[in-house]
Peer 1: 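I have a structure here, written as structure tokens, and I will follow up with some questions on it.
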Amino acid sequence: QVQLVESGGGLVQPGDSLRLSCAASGRTLSSYAVGWFRQAPGKERERVAAISRDGGVTYYADSVKGRFTISRDNAKATVYLQMDSLKPEDTAVYYCATRSVGGSYAYWGQGTQVTVSS
């Protein structure tokens, strides 16, 4: 069991940067891989990035590749999503979720709103 709280969302202009944080409590964060997902109105939920338990392996959706960077600090029990060169199409509610080895993304945060607009 792990509890997750996202923060760092907000309203920014195209081209700006934002860093989201996913703070965990409960079971040690190093037990889980972590993914960042987003969901925009009328769109299916999309996994935008993920990171392995030790941070050695990362994944990025094509839509964010080269612009977003996922990282983690297990000592601080926090996973980050650095978002650069933001576009209006990045507007969505962003969620973090944890996944154990061989499992699914079972634990989710409440989400944080990211709005990219002029």
Side-chain angles (χ1 to χ4, degrees):
Q1 178 79 213
V2 61
Q3 295 78 47
L4 305 172
V5 178
E6 303 95 334
S7 62
L11 174 63
V12 297
Q13 296 182 333
D16 284 353
S17 296
L18 208 57
R19 189 175 79 159
L20 306 183
S21 296
C22 174
S25 62
R27 187 176 291 273
T28 304
L29 185 62
S30 62
S31 297
Y32 302 95
V34 178
W36 281 99
F37 297 77
R38 67 186 181 189
Q39 187 155 25
K43 303 289 186 179
E44 292 190 341
R45 187 170 60 203
E46 174 188 25
R47 186 175 65 161
V48 298
I51 189 166
S52 61
R53 290 176 295 170
D54 65 354
V57 180
T58 57
Y59 158 86
Y60 299 97
D62 288 343
S63 57
V64 307
K65 198 171 298 180
R67 299 187 298 116
F68 289 11
T69 304
I70 189 170
S71 62
R72 67 189 299 160
D73 185 340
N74 287 338
K76 295 182 178 179
T78 303
V79 173
Y80 304 96
L81 185 67
Q82 178 67 42
M83 305 185 294
D84 297 322
S85 302
L86 283 163
K87 304 174 180 179
E89 52 261 46
D90 295 319
T91 296
V93 177
Y94 283 72
Y95 302 87
C96 63
T98 59
R99 176 188 181 274
S100 58
V101 175
S104 61
Y105 287 100
Y107 301 106
W108 296 74
Q110 85 290 344
T112 185
Q113 176 71 46
V114 172
T115 302
V116 185
S117 177
S118 297

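All values derive from a computational prediction rather than experimental measurement.
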Peer 1: Hey, are the side chains of Ser118 and Pro14 touching, using non-hydrogen atoms and a 4.5 Å cut-off?
Peer 2: yes

Peer 1: Check for me whether the distance between the ring centres of Phe37 and Trp108 falls short of 6.0 Å.
Peer 2: yes

Peer 1: Looking at Lys65 and Asp62, is there a salt bridge between them, counting it only when a charged N and a carboxylate O are closer than 4.0 Å?
Peer 2: yes

Peer 1: Say you draw a straight line from CZ of Arg53 to CG of Leu29; how long is it, rounded to the nearest 0.5 Å?
Peer 2: 11.5 Å

Peer 1: So do the side chains of Leu4 and Tyr95 get within less than 4.5 Å of each other, counting heavy atoms only?
Peer 2: no

Peer 1: Measure the CZ-CG distance between Phe68 and Leu20 for me, rounded to the nearest 0.5 Å.
Peer 2: 8.0 Å

Peer 1: Among Lys87, Glu46, Glu89, exactly one meets side chain to side chain donor-acceptor pair (under 3.5 Å) together with Ser63. Which residue is that?
Peer 2: Glu46

Peer 1: So how far is it from Cys96 SG to Gln110 CD, rounded to the nearest 0.5 Å?
Peer 2: 7.5 Å

Peer 1: With rounding to the nearest 0.5 Å, note down the distance linking OG in Ser100 to OH in Tyr32.
Peer 2: 6.5 Å

Peer 1: Any side-chain heavy-atom pair from Val64 and Arg38 closer than 4.5 angstrom?
Peer 2: yes

Peer 1: Going by atom types alone, do Arg47 and Tyr105 pair a side-chain donor with an acceptor below 3.5 Å?
Peer 2: yes

Peer 1: What is the minimum heavy-atom distance between Thr78 and Ala23, and which atoms define it?
Peer 2: OG1-CA, 4.2 Å

Peer 1: With hydrophobic residues grouped by side-chain heavy-atom distances under 4.5 Å, do Tyr59 and Val79 end up in a single group?
Peer 2: no

Peer 1: Determine whether Gln113 and Leu11 make a side-chain contact, defined as any pair of heavy atoms from C-beta on separated by less than 4.5 Å.
Peer 2: no

Peer 1: Please tell me whether Tyr80 and Val48 are part of a single hydrophobic cluster in this structure, the criterion being side-chain heavy atoms less than 4.5 Å apart.
Peer 2: no

Peer 1: Between Glu6 (side chain) and Thr112 (backbone), is there a donor-acceptor pair under 3.5 Å?
Peer 2: no

Peer 1: Measure the CD-OG1 distance between Gln1 and Thr98 for me, rounded to the nearest 0.5 Å.
Peer 2: 9.0 Å

Peer 1: Following the transitive rule for hydrophobic clusters with a side-chain heavy-atom cut-off under 4.5 Å over Ile, Leu, Val, Met, Phe, Trp and Tyr, establish whether Met83 and Ile70 coincide in one cluster.
Peer 2: yes

Peer 1: Kindly work out whether a path of hydrophobic side-chain contacts (I/L/V/M/F/W/Y, heavy atoms less than 4.5 Å apart) joins Val2 to Leu81.
Peer 2: no

Peer 1: Considering non-hydrogen atoms only, spot the tightest contact between Ser17 and Val12 and give its length.
Peer 2: O-CG1, 4.4 Å

Peer 1: Quick one, Val116 and Leu18 - any side-chain contact, counting heavy atoms below 4.5 Å?
Peer 2: no

Peer 1: Work out which heavy atom in Arg72 is nearest to a heavy atom in Ser52; give both atom names and the distance.
Peer 2: NH1-O, 2.7 Å

Peer 1: Working to the nearest 0.5 Å, report the span between OG of Ser85 and CZ of Arg67.
Peer 2: 7.0 Å

